[in-house]
Structures are given as structure tokens and as C-alpha cells.
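Written out below as C-alpha cells is the structure these notes cover.
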Amino acid sequence: MKTPNKNRTTFLFVIGVLLLLPVTFFRLSQQQIANTRNEHLVMSVLWFQTSAEMRALSYQAFNIAKMRIDHDIATNKRKRKKAVLVDIDETILDNSPHMGKLIKDNQAFPFAWTEWVNRAQAEPLPGAVEFLNYAASRGYDVFYVSNRSASSETEGTLKNLKAKGLPQATDDHLLLMSVASSKESRRNTIEKTHDIVLLMGDNLNDLANVFEKKAVLDRFSEVDKVKEQFGNRFIVLPNPMYGEWEGALYGYQRGLSDSLKNEMRKAALKSF
Ligand SMILES: [Mg+2]
């Protein structure tokens with residue numbers, strides 16, 4: 001039989017638990033958000049790594065690139081040197097294992113990025129090695145124009161490109177980022193000595209500066225304005241994992257919380 005004192009203790013215990021429940025749930029939900037900050041990336045990284053469609057699109061891009069080179073050789077008698085400009089990440093090299101690392105370790109870029117670059121283990125994207133070697137064999141200068149860091153990632157990048165059989169992997173063909181993230185000045189430098197025949201990238205900023213820092217609909221209209229260039233002078237590779245398109249989604253605001261970015265993604269969805 002319970003004494004009145006025991007009843008009182010039980011009552012106080014129950015009240016205490018009830019009072020603590022909201023705090024516990026709040027902490028759990030905060031924890032849950034922190035542990036799933038990259039949940040939205042899982043499908044796009046899996047698509048990149050496991051879909052044969054991704055593989056086919058990569059071959060498609062480099063097959064078109066080869067046709068453009070053949071067309072250029074057949075129709076243009078150029079006096080100046082000829083250049084093919086390619087971005088590196090998600091254009092020539094596949095860094096999706098780094099994305100996988102971010103998901104598994106629940107971290108955000110630039111976590112482990114320089115470590116990944118300096119491992120020099122990234123695999124080339126399907127068709128990249130064959131196409132660039134073909135372009136080089138036909139007298140084109142290949143320029144790797146990338147926003148990897150010139151100060152800390154040059155060595156690892158060259159090592160990776162050479163190890164995977166990519167041509168002209170030398171300092172003078174590698175234009176990494178030293179100051180400006182825009183690639184326009186690097187394109188202008190190349191244009192002083194070369195006719196740029198082809199530009200390839202997974203980000204429209206790899207192609208021209210008209211796309212930079214624009215809102216979602218403005219990016220659409222800039223693409224529409226030069227639509228005849230795609231598959232011609234411009235060749236785009238698929239990257240659903242990250243890019244300028246994602247920056248546009250957040251209005252290029254830096255330092256937003258994971259939960260706010262989640263809300264902005266949901267708000268941007270088209271539905272009915
Ligand atoms: Mg890229």
C-alpha cells in the first residue's frame with residue numbers, strides 16, 4: 001500500500017518528466033536537423049554515381065565536343081592557335097566521392113576538399129580523356145580553367161590530371177583561381193593568343209560572364225538569348241549536386257542556416 005509521501009514523490013516525478021519533455025523533444029529535433037543537413041543531397045549524389053543516364057550524358061557531351069572539333073577543322077582555316085577550354089570539377093574529374101564524404105560526415109563544403117584534391121584520386125568523367133587527347137592530337141591547346149585554389153591545389157590537380165592520362169597537364173595549361181572567382185579574365189588572357197573554339201563546363205559561369213550572380217529567372221533568360229550556342233561553342237555537363245544554380249536559389253546569401261536553406265528550397269518548388 002502506498003503512503004501519502006510516496007504518492008507525492010510519484011506525482012512530482014511525473015510533473016518533472018512532463019515539464020522536461022518539450023526541452024528533450026526540442027533538443028532531439030535540433031539534433032535531427034544537424035544530422036540530416038545533407039539529406040537533400042543523397043539522391044543527386046546517387047544519381048551522379050549510379051545512374052547509367054549520367055554516364056550516357058557525359059559521353060554525349062564529349063561526342064558532341066569531338067564533332068565540333070571535326071567541324072572546326074573542316075570549315076575554319078585558322079591562322080591563330082586554337083583552344084579548347086574546360087572546367088575541371090564535374091566537367092573532367094568526378095568529385096562525387098567528396099560529396100559522399102560530406103553526407104556521411106554530416107559536413108559542409110569546404111570540409112576535406114583540399115585533402116581530397118591532394119589525394120589526386122578523382123576519376124575522369126566518361127569520355128573526357130579520349131576527347132581531350134583527340135583535341136590535343138589535332139593541334140588544339142587544352143586549357144583547364146578551374147576555381148580550385150592556385151596556392152594550395154595546383155600540385156594535387158596536376159598530379160591527378162597526369163595520373164588519369166589527361167593531355168597537356170602542365171602549369172601553362174592550368175589556370176586555377178588566384179584572386180577572382182570569375183573566369184572572364186582568364187578567358188581573356190587565353191583569347192589574346194588563341195581562338196577559343198569550345199568551352200565546356202557543368203556551370204554556366206564556365207562559359208561566359210553574362211550568367212554570373214543572376215537570379216533564377218534571369219539565368220533562364222540569359223540561356224535563352226544564346227540558345228544556339230549550346231552544343232555548338234558551349235557544351236554543358238550535368239551536375240545536380242551543387243553549382244551556381246544553387247547559389248541563385250538562395251539569392252547568393254552566404255551563411256544561411258540549414259533550416260532556412262531547407263525552407264527556401266521548399267518555397268522554390270513548383271507544384272499545383
Ligand atoms: Mg565545375
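Along the sequence shown, the residues carry numbers beginning at 1. Side-chain atoms are counted along with the backbone in the values below, which use heavy atoms only and exclude waters and symmetry mates. Ligands are counted one by one from 1 in listed order, and the atoms in each one are counted from 1 as well.
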*Name all pairs fulfilling the ring-ring contact (aromatic ring centres under 6.0 Å, His included) condition that reach into residues 176-195, sequence neighbours left out, sorted by first residue then second.*
Phe143-His194

*Going by the side chain to side chain donor-acceptor pair (under 3.5 Å) test, which pairs reach into residues 231-248, not counting sequence neighbours?*
Arg68-Asn232, Glu90-Tyr242, Asp202-Asn239, Asn205-Glu244, Glu244-Tyr252, Glu246-Tyr250

*Does a donor on one side chain and an acceptor on the other come within less than 3.5 Å for Asn262 and Lys266?*
yes

All N/O donor-acceptor pairs, side-chain side in residues 120-134, below 3.5 Å, sequence neighbours left out:
| unit_1 | atom_1 | unit_2 | atom_2 | d |
| --- | --- | --- | --- | --- |
| Glu123 | OE2 | Lys164 | NZ | 3.0 |
| Asn133 | ND2 | Val129 | O | 2.9 |
| Asn133 | ND2 | Gly165 | O | 3.0 |
| Tyr134 | OH | Asp70 | OD1 | 2.4 |
| Tyr134 | OH | Arg138 | NH1 | 3.3 |

*Sub-2.8 Å protein N, O or S atoms surrounding the Mg ion (ligand 1)*: Asp87 OD2, Asp89 O, Asp202 OD1

*Do the side chains of Met99 and Asn95 get nearer than 4.5 Å, heavy atoms only?*
no

*Side chains of Lys183 and Asp87: closer than 4.5 Å at any heavy-atom pair?*
yes

